[in-house]
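So the structure is just underneath, and the comments pick up after that.
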Amino acid sequence: MSTVIENRRRSTTEIAESTPEWKRRLTSDTAARLTAGISFFLFWLVVAAVFTRVPGPVEVVQRLGDEFARGEVFGNFGVTLYRFGVGVALATVFGIVIGVMMGLSKLSRAFFESPVLVGLSIPAIIWSFLTVMWFGFGDTSPIVTTFLTAVPFVIINVAQGVRGVSRDLRDMSSTYQVPLLRRMRDLVLPAVTGYVAAGIRFAVIIGWNGVLLAEWFGGSGGVGYRARFWYDANRYGGFAAWVVLFVGFIVILDRLVLDRAISRAFRWRDNSA
Amino acid sequence: MAVLTVRDLSKTFNVGTPRASRVLDNISFEVQGQTFVSIVGPSGCGKSTLLNIISGVEEHTSGDISLKSDQGGDARMGYVFQDPRLLPWRSVMKNMMYVQDELNEETTARARRYLDMVGLAKNADFFPGQLSGGMQQRVGIARAFAVEPDLLLMDEPFSHLDAITARGLRAQLQDIWAQSKKTVVFVTHDVVEAVELSDRIIVLQPGGRIYEDITIDLPRPRRQSDPTVATLQAEVLARLEKMKAATQVAAPVA
Ligand SMILES: Nc1ncnc2c1ncn2[C@@H]1O[C@H](COP(=O)(O)OP(=O)(O)OP(=O)(O)O)[C@@H](O)[C@H]1O
Ligand SMILES: [Mg+2]
């Protein structure tokens with residue numbers, strides 16, 4: 001005898017078994033990412049076909065090949081990467097220190113709040129003008145520009161994270177008189193990991209503006225310098241090739257390194273061991 | 001063991017604002033030596049607030065409170081909170097070690113022993129999120145025991161556990177308390193539990209005054225089945241009923 005159950009809900013196993021394979025694939029996250037990538041690519045093709053001054057993907061790849069052939073890629077890319085890396089690393093270290101201070105003490109919050117806000121509102125292009133004026137050509141101005149552009153984002157993220165550390169857990173720590181260093185390592189830092197990660201991600205994504213702009217105006221080699229070289233020569237294909245190269249690098253860095261590091265840091269949130 | 005003195009203690013939240021509310025009102029009592037004190041009273045009468053003030057995480061508004069070890073110096077404290085309060089990103093064992101003042105083989109062994117006592121030896125490497133609510137509460141209990149405190153504060157530690165686990169842990173608590181020299185302040189709303197465990201029961205009434213301070217003079221270990229225990233439990237329960245009736249007349253529900 002079979003009974004009919006009204007409003008019956010299906011189990012996950014049942015749903016998985018009754019959905020055809022192709023449908024599951026089509027509605028997956030990977031499919032959504034692929035669709036976004038392909039749409040963008042098609043859009044680029046169309047725009048390049050309509051406007052003659054916009055280089056298409058084929059031309060960009062050709063120009064990139066030419067630059068490789070000239071032996072310009074590794075040197076310039078390496079220089080930029082070094083400046084970018086140092087700038088982002090400095091922004092991370094200073095950002096965490098100042099952010100933790102702002103999160104813990106009202107006094108330092110009062111002190112740093114306005115400078116950080118001002119820093120947030122100054123665009124990378126202003127910093128690049130200023131640093132080229134201050135430091136001239138060389139590594140210093142792109143490094144400092146990257147640092148100054150990125151550090152306020154790390155600071156506000158970390159400060160917010162520290163302020164959000166559970167009051168209950170802090171109370172627990174003080175009844176047990178947990179030493180300050182251990183409290184930092186086991187309570188504050190893990191609680192702010194997500195915010196630190198978000199801050200570093202911002203630093204990377206915002207910071208590259210800084211390094212390219214400073215190189216654009218600084219004229220001492222690097223991706224930004226090379227992009228400008230082609231821009232000034234009215235050769236937009238070469239210009240686009242360099243921008244695509246660097247943006248592509250940032251996207252891959254974010255996907256492969258940062259994204260994975262973040263999910264590792266949040267292992268404890270997974271419910272299965 | 002600890003010496004705890006509370007005199008004319010009052011607590012008002014949000015002093016000087018329209019939302020000001022008095023939660024504890026002129027509380028006085030003294031506990032020292034190997035004493036087990038329970039604090040009972042209806043929900044919202046200020047039991048957790050009192051423990052928080054004793055532990056130092058909450059400030060009192062007026063009156064005096066002092067706490068020291070009977071050896072002189074600061075008293076080492078263990079606190080089983082009403083909720084587990086574990087670090088979610090650290091394993092059970094790391095949570096146990098987080099509160100130890102020294103990290104060495106002795107304290108590690110001690111942490112393992114108490115984890116075993118609450119039946120969680122197998123879960124030492126789990127994250128708190130992988131445990132049930134009652135299991136997390138048991139980690140909180142083991143953590144408080146493992147620091148071997150002079151003063152042990154417990155806020156309804158067994159109320160989220162099943163009857164059998166709770167009974168087992170109550171027996172363990174009595175043993176530990178009898179062997180190791182501890183002063184215990186134990187909050188519960190369960191009068192039966194309070195009579196079984198305590199030397200003394202402080203009854204708080206709504207509004208945060210002490211209604212009664214009852215001495216329980218029964219031999220240990222006490223058994224639920226013992227008729228004298230049962231009689232006393234019934235008597236204390238009757239007194240609480242009387243208090244409830246009296247305070248309802250005094251403070252009618254608006
Ligand atoms: N931070 C706070 N701000 C304002 N009021 C508070 C605060 N903490 C507690 N209270 C109030 O103090 C009163 C007592 O709270 P408390 O947690 O001490 O009660 P309790 O006796 O432990 O109750 P329960 O048995 O339900 O745990 C409650 O009315 C509560 O609203
Ligand atoms: Mg409470």
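Note on naming: letters A, B, ... go to the chains in the order of the sequence lines (proteins, then strands), and numbering restarts at 1 for each one.
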Reported CG-to-OH distance for the pair A/Asp171 and B/Tyr79, which is rounded to 0.5 angstrom: 9.0 Å

Residue A/Gln160 excluded, over 12 heavy atoms near CD under 6.0 Å: no

Contact origin within A/Ser174 toward chain B - heavy atom pairs under 4.5 Å: side chain

Under 4.5 Å from a heavy atom of chain B, the part of A/Arg183 involved: both

Engaged part of B/Arg76 at the chain A interface, taking heavy atoms whose separation is under 4.5 Å: side chain

Closest non-hydrogen atom pair, B/Trp89 against A/Ala191: CH2-CB, 3.5 Å

Segment of B/Val99 engaging chain A (4.5 angstrom heavy-atom cut-off): both

A/Glu21 atom CD, neighbour heavy-atom count above 12 within 6.0 Å: yes

Exceeds 12 heavy-atom contacts within 6.0 angstrom, atom CZ of A/Arg24: yes

Exam field: side chain B/Tyr98 to backbone A/Arg182, donor-acceptor pair closer than 3.5 Å: no

More than 12 heavy atoms of other groups within 6.0 Å of B/Glu105 CD: no

Heavy atoms from other residues, nucleotides or ligands near CZ of B/Arg112 exceed 12 (cutoff 6.0 Å): no

Sidechain N-carboxylate O distance under 4.0 Å for B/Arg90, A/Asp186: yes

Closest non-hydrogen atom pair between B/Leu87 and A/Met172, with its separation: CD2-CE, 4.4 Å

A/Phe249 CZ: over 12 foreign heavy atoms closer than 6.0 Å: yes

Residues, nucleotides or ligands: over 12 heavy atoms within 6.0 Å of B/Arg113 CZ: yes

Greatest number of heavy atom pairs closer than 4.5 Å to chain A - which of B/Asp83, B/Asp101, B/Leu86: B/Leu86

Derivation of the side chain to side chain contact (heavy atoms under 4.5 Å, CB included) call for A/Thr175 and B/Phe81: CA-CA 11 Å; A/Thr175 41; B/Phe81 298 89; 3.7 Å; yes

Other residues, nucleotides, ligands: >12 heavy atoms within 6.0 Å of A/Phe94 CZ: no

